Amino acid sequence: MSAHDGEAPDVDPVTGYETTGHDWNGIKELNTPFPIFVITILGLTVVYSIIAWLLLPAWPTGRDYTRGLLGLDQGEMAVAGYQRLADGREDWMARFVAGDFDAIVADQALMAKAMPAAHRLFLDNCAACHGTDATGGPGFPDLADSDWLWGGDPATIAETLRVGINSPHPETRFAQMPAFGHDQMLERAEIETLTSYVQALSTGQADPDGEGGTLFADNCASCHGDGGVGGLGIGAPSLVDGHWIYGGDRATIFATLQRGRQGVMPTWADRLSEAEINLLAVYVSGLAAEHEALASR
Amino acid sequence: MIRSLSSSERQLGIALSVALALLGLVMLGAAKVGPMAVHGAMAIAVGVALLFALGGGLAEPEPRGDRLARYYDEPTRFGIVMTMIWAVFAMAVGVWVAALLYWPEATPLWPWTSFGRLRPVHTSGIIFGFGGNALIATSFHVVQRTSRARLADSVTPWVVLIGFNLFCLWAVSGYLMGSTQSKEYAEAEWYADLWLVVVWVVYFVLYMRTLARRNEPHIYVANWYYLAFILVVAMLHIVNNLALPVSLAGAKSFTIWAGVQDAMVQWWYGHNAVAFFLTAGFLAMLYYFLPVRSGRPIWSYRLSILSFWGIVFFYVWVGSHHLHYTALPYWVQTLGMTFSVMLLVPSWAAAGNAIATLNGAWHKVRDDATLRFMFVAAVFYGLSTFEGSFLAIRPVNSLSHYTDWTVGHVHSGTLGWVAMIIFGAIYTLAPQLSGRETMAWPRAIEWHFWLAVTGTLVYVVALWNAGITQGLMWRTYDASGALSYSFLQSVMAMAPYYLLRTIGGALFLAGAVICALNTWATMRSARAGAEAHDRPLLPGPALPEPAE
Ligand code: HEM
């Protein structure tokens, strides 16, 4: 029951403070004086806020808002921040805008600065498909070997990155492994024969004068080169190097011949700057040498 | 539960069950397939089950004539059971999603169990299922005791509880089926939202009617907080969920908000969900159960007033601190930042007031794990509000935003504060409502306490480290002006922290399972017809009793 006026004040023995006189199911409240430091801190936070309101954009005034004494604009600040970062890279990045690849690769000091940055750029943009060590995976080519679909010199790679492969870019590189089986260009038996032949090619046991060899010369060499050595720079891989994009087991080769393949490499023209593309091109083109060096160690 | 209803109340219940089943039938008939149809079928099932239960109970004798002179605690008991069911379910899903972040390749191949669907099951299950049921159950208890009045009637408490749990079930099962509004903590689709509005209005009216019947001249501060919770959540929920359904016969809808306004409304909602769902209602629990358990008066009535009005006034301004450095205009961010800093003072006043209340009861804190739960809750409340105000400062947020620091902060709030105060309240309530002195296994509370504290600390510390590591890795530049780390490296650096977090979460879950079993054993061991033992209800005020 609530205490009534006129009763002796209810004092809490532990703290010595009076209660407010109310009682809710046994709960009472002390009439403790207001702690002065709470008021002080509240005052401090209010002062902090007022200073912030004076300095920064803060209160709406109808269609406008108070701009603040510092005159800050977060859009401009962001742009300026990016500019500062770009300026910090300017000394070496500028060289990549021009894209004089021979001079760049020859400049040891420049390469020492640029390649770590290129590695991170690769991890952020390319590793999702080509793998963190650039060795590819099913459907995505190994960029660290010396077999190329289109070519491994920096200028060619830069072009591949710019336009992509089978990408929506108007100048895209275009390459297609025809669906020989599905489109009825070859009989099933011929595909079986070629499957064996392609497997033999990769182990160096192929007989160019056999049935498979003839079929290959007639149907495949125009893109994959005589004897399947690739290197024509038209997007068709070497079949003799033992590296596979899709796979070298019988079933996968058969599927490649039956249904065709057309991998897509995105265009990077509007996602990376010219300099970044050139930077990556130099990096990717050096990977093969680097891997060979690692392997021979 | 049916025995305590009069026959006219049973008939009303039957009518409402039929109405629910009919609503389900309409939903099922209109939608035919998809989430809305499944949810219609669920409503039919619940309606029919209630119909059978109530119909079977029609012949039972009328309840004791003096029932209106007693507190009505059955809804609270039911609410506690639901609280613990949701706790175990949603925390288990939490541990599952935590494990998926460490072993992503373990994601099962079914779309239902992909990370994106499980995550909102965890968040909604915890916030609404676990938190919401605890809030409703304790609010029914507290409003009766502090008003010394019985709940205004015997049917609407059940409408609130059953209706609310149906909402939670719709929400969670909807996400599994891929149905979502894509608004964080407000993912449930339009018909579930409308349903919740109805339930919430019933809740509000019940609460107000009960308060109006009170036999105490003053309204205790816990009730202010519960009322703020009910009222503001209604407002937030309605505004943020305004949407146009693609068709009345399907689940999909589109929000009426667009662009940056959508983002602002969403985080005005999101932060006030933190403020009024995860804080105000739980402060009400703290203000009631802490003094009850410790036997100490609230340390300062004046601080209570300052913190209540401070929290209510400042919180509604701060949502924009979730949108620092975004398309949201700078001035809105400044306001969010400054009000967040001022918010610290009333928040700490509330936490400090709770801790000072324990003056003279520290020996109890040492000996009684239940009271220790409440003490730790108050400490974590203080910690996470300090952290929150700090994170709201723009330059700090530029480091923490989008990192796991936010997740660490959230869980210092939800595990350390919200869940701990719920456990403290349940360990106080369950024996009392079962007519017992203690829980069935008093020593298990001690185990639960240490599991919960260790789990929280492991979780929070791991994610602080994770977040700060991420934030730094994303902004470190090397001497040549290029980023020092790729994003991928920052993901790989998370592995040990994600493993630790999974372990912390599993410890916390283990504690919750112990609590659920203990609560079950306690409630089962209640003597038949056991009454809560506390001060009796006062005879009614001048208000007439509803006709039987
Ligand atoms: C003074 C009180 C508080 C302030 C000023 C505050 C401030 C903040 C800030 C700045 C963020 C990070 C936003 C971002 O960078 O994305 C945040 C996130 C969050 N906080 Fe707090 N916080 C406070 C108390 C609490 C408490 C007590 C809880 C829980 C009970 C909590 C739960 C959350 C949740 C759930 C999020 C995550 C939102 C998301 O999903 O992104 N906060 N809070």
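Naming: A, B, ... by sequence-line order, numbering from 1 per chain. Since we're looking at a predicted model, the values are computed, not measured.
For B:T357, no part lies near chain A; criterion is any non-hydrogen pair under 4.5 Å. Using a 4.5 Å cut-off between heavy atoms, B:I305 makes no contact with chain A at all. Looking at A:A58, both its backbone and its side chain come within 4.5 Å of chain B, counting heavy atoms on both sides. For a residue to count as touching a neighbouring chain, one of its non-hydrogen atoms must lie under 4.5 Å from one of that chain's; by this rule A:F34 touches chain B with backbone and side chain alike. In this structure, chain B has no heavy atom under 4.5 Å from any part of A:M93. When heavy atoms are compared at a cutoff of 4.5 Å, A:P13 does not approach chain B at all. Neither the backbone nor the side chain of B:L290 comes within less than 4.5 Å of any heavy atom in chain A. Residue contact with chain B, scored on non-hydrogen atoms closer than 4.5 Å, involves the side chain of A:T132 exclusively. The contact between B:T326 and chain A is made entirely by backbone atoms, counting heavy-atom distances below 4.5 Å. The contact between A:L72 and chain B is made by backbone and side chain atoms together, counting heavy-atom distances below 4.5 Å.
Per-residue heavy-atom pair counts under 4.5 Å with chain B were compared for A:V38, A:I50, A:T45, A:V46, and the maximum is reached by A:T45.
Under a 3.5 Å cut-off, the side chain of B:R145 and the backbone N or O of A:N25 do not form any donor-acceptor pair.
The line from OG1 of A:T32 to CG of B:N359 is 9.5 Å long, rounded to the nearest 0.5 Å. Going from atom CD1 of B:I298 over to atom OG1 of A:T19 covers 12.5 Å, rounded to the nearest 0.5 Å. How far OG of B:S486 is from CG of A:N125: 10.0 Å, rounded to the nearest 0.5 Å. Atom CH2 of A:W53 and atom OG1 of B:T334 lie 10.5 Å apart (nearest 0.5 Å).
In plain terms, the two heavy atoms of A:N31 and B:R302 that are nearest each other are OD1-NH2, 3.1 Å. Minimum interatomic distance between B:M337 and A:L56 (heavy atoms only, all atoms of both residues): CE-CD1, 4.1 Å. B:P297 and A:L30 make their closest contact through CG-CD2, 3.7 Å (heavy atoms, listed as atom of the first residue, atom of the second, distance). The nearest pair of heavy atoms linking B:R296 to A:D12 is NH2-OD2, 2.8 Å. Contact detail for B:S484 and A:R120: the closest heavy-atom pair is O-CD, 3.2 Å.
Residues A:E29 and B:V221 form a side-chain contact, since some pair of their non-hydrogen atoms from C-beta on lies under 4.5 Å apart. Proximity of A:D124 to B:Q489: side-chain heavy atoms (C-beta onward) are nowhere separated by under 4.5 Å. Proximity of A:W92 to B:S480: side-chain heavy atoms (C-beta onward) are separated by under 4.5 Å at one or more points.
A tilted orientation is assigned to the rings of A:W24 and B:Y220, their planes being inclined by 30° to 60°. Taking the six-membered ring for Trp and thresholds of 30 and 60 degrees, B:W317 and A:W59 have ring planes more than 60 degrees apart, a perpendicular arrangement.
When the heavy atoms of residues 103-113 of chain A are compared with those of chain B, the residues falling under 4.5 Å are A:K113, listed by number.
Counting only N and O atoms by type, the side chains of B:W331 and A:T66 include no donor and acceptor under 3.5 Å apart.
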